Amino acid sequence: MLDSPPGATDARVTSASAKVVVAVLCVGSLCASLMQSLVIPIQGDLPRLLDTSVSNASWVLTATLLAAAVAMPVTGRIADLAGKKPVLVVSAGLLALGSLLCAVSSSLPVVLTGRVLQGVAMGFVPVAISLVREVTPPHLVNTATAAVSATLGVGGALGLPLAAWIAQSFDWHALFWLSTVLAVMVAALTAALVPHVKDEHPGRLDLVGAIGLAIGLVAVLVGVSKGTGWGWTDSRTLGCLVGGAVVLVVWGFYELGHRDPLVDLRTTVKRPVLLTNLAALMIGFGMMAQAIVVPQLLQLPEATGFGLGQSILQAGLWMAPGGVTMMLFTPVSSRMLSRVGGRVTLFAGALVISLGYVVATFLTDAPWQLMLASCVVSAGVGIGYAAMPTLILENVPEEEAGSSVGVNALMRSVGTTVAGAVMAALLSSRTISLAPGVPEIPGHDAFRLCFIVGAAAAALGAAIVLLIPRGVPGAVPGELEPVSPGR
């Protein structure tokens, strides 16, 4: 059990107040997570809408994912130093500003700036997760952690049908007007209802470390995400991958020698933390694999013999139950965390994801079959996402809670990026031609291969979890008695 840091103030509130706080953190995390899939329905139209090339338009999605990957560990560290509530309010403000920029402009540079700010705002999620344990009574900690953690998956799943409906019914700028309103609401609710925890820790932000991490991560993730389009042997791809890897190695040595590092790598390589993060990568891969593959299979024309002929909106609606399933499994994962601990819960989540892909491999003949498989995968993601931050927080010092949860969220993000590249490569490896002169499309076997790879990745994640040392089921670091809320 971890002790509270010197000077920390316990801000645990009564059960009723805690539920309000957790609801605010969930809404804020959900709004930030929606940014992952907000522009997917209009991705194909962006070159026309922004008067730019297809290649340039692809950065509207990629920029947000890259910014989020860098922001989550950096934002977590800032929260450890400056306090979590101020960082949450600022993150919501950045989400509002980024959304507003996209809402009022059709210029690519302005929209890209807005999308980067939206990605930075996703730092709200790991900070919210780490704050939950400081403001909720012990008997609600697991439920609250599970609920906030699940929003990372729920936002992406529910964002697709919501964005598809808005894009089809209104001008595309309405997507960003909606996110602007939601972000302003989240900022106001966070400022008014979330208690201020005196959890600031002495230290200074490692700016050199933050810049080094940003350069290394962005280079590697750009290489991975663009590798299929550029070609894996293209000089740009190799330059990004090799250059980014070199920067990250140098960054690692720098962090090990720094008195106040951005990320304490000695904590990160502790066996429970390291293995949990590796499992996070596999589970992030599992979540994104079905999010990429299933909609494509749903939207292929029936003339292929295996496509299901659904519109973008219909495909999104078939995927939406997966997001609902994640939410419904929040109390299930909470009870599992309390009774069997994070290790067994994470193992179960990874196995369920693998099972979902096995189901998808054999059930592809109707939309409802793919919906069923998607729900099984989503149930596993919901269970796994709830367990990961619990395992992290049980094994790191409290003054590193925010940055450690941020690194875990980063690993999930890396998993989703790798999944995108792998699925694209697999789908292009086995193609068919419907008619002469018509672009080739992925064959049925390509989709089945994607599902098999997804099942294998999740199974590997489960195997990694078994190597995590056994802990105490339901343990809550720094467990304290509830007191009156403090601001």
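Quick caveat, the model's predicted, so the values are computed rather than measured.
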Name each donor-acceptor pair under 3.5 Å that joins a side chain in residues 151-161 to protein atoms two or more places apart or in another chain, with its distance.
from	atom 1	to	atom 2	distance (Å)
T151	OG1	V148	O	2.5

Looking at [atom1] of [X] and [atom2] of [Y], how far apart are the two atoms once the value is rounded to the nearest 0.5 Å?
X    : Y    : atom1 : atom2 : value
E394 : R133 : CD    : CZ    : 5.5 Å
K19  : T136 : NZ    : OG1   : 12.0 Å
M336 : T390 : CE    : OG1   : 12.0 Å
S404 : I129 : OG    : CD1   : 12.5 Å
L466 : L346 : CG    : CG    : 10.0 Å

Can you find a heavy atom in the side chain of [X] that is under 4.5 Å from one in the side chain of [Y]?
X    : Y    : value
D260 : R77  : yes
R335 : P331 : yes
L88  : L25  : yes
L213 : L262 : yes
M423 : V453 : yes
V186 : L95  : no
V90  : I78  : no
L297 : V294 : no

Mind checking what makes side chain to side chain donor-acceptor pair (under 3.5 Å) contact with [X], not counting sequence neighbours?
X    : value
S58  : K226
S374 : Q290
S413 : none
T237 : none

Pair L410-L217, side chain to side chain contact (heavy atoms under 4.5 Å, CB included): steps then yes or no: CA-CA 10 Å; L410 165 63; L217 274 180; 3.7 Å; yes
Please walk me through it: do V246 and V249 pass side chain to side chain contact (heavy atoms under 4.5 Å, CB included)? CA-CA 5 Å; V246 170; V249 169; 5.8 Å; no
Which heavy-atom pair separates [X] from [Y] by the least distance, and what is that distance?
X    : Y    : result
S179 : L38  : OG-CD2, 4.3 Å
L221 : A69  : CD1-CB, 3.6 Å
S91  : G123 : OG-C, 4.4 Å
V87  : A79  : CG2-CA, 3.7 Å
A128 : S29  : CB-OG, 3.7 Å
T145 : P389 : CG2-CG, 3.9 Å

[X] side chain vs [Y] backbone, donor-acceptor pair below 3.5 Å:
X    : Y    : value
S338 : S334 : yes
R115 : C102 : no
K84  : S130 : no
T190 : A187 : no
R343 : I468 : yes
R271 : L467 : yes

With sequence neighbours left out, write down each residue that passes side chain to side chain contact (heavy atoms under 4.5 Å, CB included) with [X], or none if nothing qualifies.
X    : value
R266 : L256, D264
L112 : W59, V60, A63, L108
V208 : D206, Y254
T325 : F329, C375, S378, A379

What do the steps show when you test I452 against Y357 for side chain to side chain contact (heavy atoms under 4.5 Å, CB included), and what is the final call? CA-CA 7 Å; I452 292 171; Y357 282 115; over 6 Å; no
Under 3.5 Å, side-chain donor or acceptor atoms of residues 275-287 against the rest of the protein: list the pairs with distances, not counting sequence neighbours.
from	atom 1	to	atom 2	distance (Å)
T276	OG1	P272	O	2.6
N277	OD1	N408	ND2	2.9
N277	ND2	V273	O	3.4

List the steps, then state whether side chain to side chain contact (heavy atoms under 4.5 Å, CB included) holds for L265 with F253. CA-CA 9 Å; L265 295 181; F253 280 107; over 6 Å; no
Listed once per pair and sorted, the salt bridge (charged side-chain N to carboxylate O under 4.0 Å, His left out) pairs that draw on residues 401-417, sequence neighbours left out: none
Sequence neighbours left out, what pairs pass ring pair (Phe, Tyr, Trp, His ring centres under 6.0 Å) with at least one residue falling in residues 228-251?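 Ring pair (Phe, Tyr, Trp, His ring centres under 6.0 Å) check on residues 228-251 returns no pairs.
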